[in-house]
Amino acid sequence: MTEGIKTIIYPVKDLASAKALFTKVLGVEPTMDEPYYVGFRVAGQDVGLDPHGHSRGMTGPVAYWNVDDIKSSVKALLDAGAEEVEGVKDVGGGKLTATVKDADSNVIGLIQPA
């Protein structure tokens, strides 16, 4: 079902400041730098900064589990008692994401690479 956690996305209010901070802490320049998202890749890990995350209900970083079939993975989690936060959506180039939360309100992110 999963290849492990390979992506973590942080909701940020000030994208420019967050980009400067993460550039320093990660020691690399962004691999994607757009007004709607800044992404970094370090040692096989994707780190994203989402300036719209707070408006979509993100209260902190969300770890995304890489999966082969996001629809069946979401269904399995819902069948196990999870609650949908954000349904499956294409975030660009065929990459699909979704989020659910468990009974303790922990957010679980899923991502299916393009």
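Since the model is a prediction, treat every value here as computed from it, not as a measurement. Counting begins at 1 with the first residue of the sequence.
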For this session: Taking the side chain as every heavy atom from C-beta outward, state whether Val62 and Tyr10 have any pair of such atoms under 4.5 Å apart.
Result: no
Exercise. Taking side chain as C-beta onward, heavy atoms only, is Glu84 less than 4.5 Å from Leu77?
Worked result: no
Exercise. Cluster question for you: counting only ILVMFWY and a side-chain heavy-atom cut-off of under 4.5 Å, with indirect links fine, are Leu49 and Val28 together?
Worked result: yes
For this session: Would you please name every residue forming a ring-ring contact (aromatic ring centres under 6.0 Å, His included) with Tyr36, sequence neighbours left out?
Result: none
Exercise. How long is the gap from CE on Met32 to CZ on Arg41, to the nearest 0.5 Å?
Worked result: 14.0 Å
Exercise. If Ile, Leu, Val, Met, Phe, Trp and Tyr residues are connected whenever their side-chain heavy atoms lie under 4.5 Å apart, and connections chain through other members, are Val107 and Leu110 in the same group?
Worked result: no
Exercise. Would a distance-only check, ignoring hydrogens and angles, find a side-chain to backbone donor-acceptor pair under 3.5 Å from Ser72 to Asp69?
Worked result: yes
Exercise. Under a single-linkage definition using a 4.5 Å side-chain heavy-atom cutoff for Ile, Leu, Val, Met, Phe, Trp and Tyr, are Phe22 and Ile5 assigned to the same hydrophobic cluster?
Worked result: no
Exercise. Is there a side-chain contact between Lys101 and Asn106 (heavy atoms, below 4.5 Å)?
Worked result: no
Exercise. Donor-acceptor pair, Thr99 side chain versus Ile108 backbone, under 3.5 Å?
Worked result: no
For this session: Determine whether Ile8 and Tyr64 make a side-chain contact, defined as any pair of heavy atoms from C-beta on separated by less than 4.5 Å.
Result: no
Exercise. What are the two closest heavy atoms between Gly60 and Pro11, and how far apart are they?
Worked result: O-CD, 3.3 Å
Problem set entry | Path from Val85 to Met58 over hydrophobic side-chain contacts below 4.5 Å | no
For this session: Would you indicate whether the side-chain heavy atoms of Thr7 and Asn66 approach each other to under 4.5 Å?
Result: yes
Exercise. With side chains defined as the heavy atoms from C-beta onward, is the minimum distance between Val100 and Leu78 less than 4.5 Å?
Worked result: yes
Exercise. Hey, does Ile9 have a side-chain heavy atom less than 4.5 Å from the side chain of Tyr37?
Worked result: yes
Exercise. Going hydrophobic residue to hydrophobic residue with side-chain gaps under 4.5 angstrom, can you get from Val88 over to Ile111?
Worked result: no
For this session: Among residues two or more places apart or on two chains, list those pairs meeting salt bridge (Lys or Arg N to Asp or Glu O under 4.0 Å) that have a residue in residues 88-98.
Result: Glu86-Lys89
Exercise. How many angstroms lie between CD1 in Ile70 and CD in Gln112, if you round to the nearest 0.5 Å?
Worked result: 6.0 Å
Exercise. Any side-chain heavy atom of Val42 within less than 4.5 Å of one from Val47?
Worked result: no
For this session: Return each pair, listed once, that meets salt bridge (Lys or Arg N to Asp or Glu O under 4.0 Å) where at least one residue sits in residues 16-32; pairs must be two or more places apart or across chains.
Result: Lys19-Asp33
For this session: Heavy atoms only: give me the nearest Leu15-Pro35 pair and the separation to one decimal.
Result: CD2-O, 3.5 Å
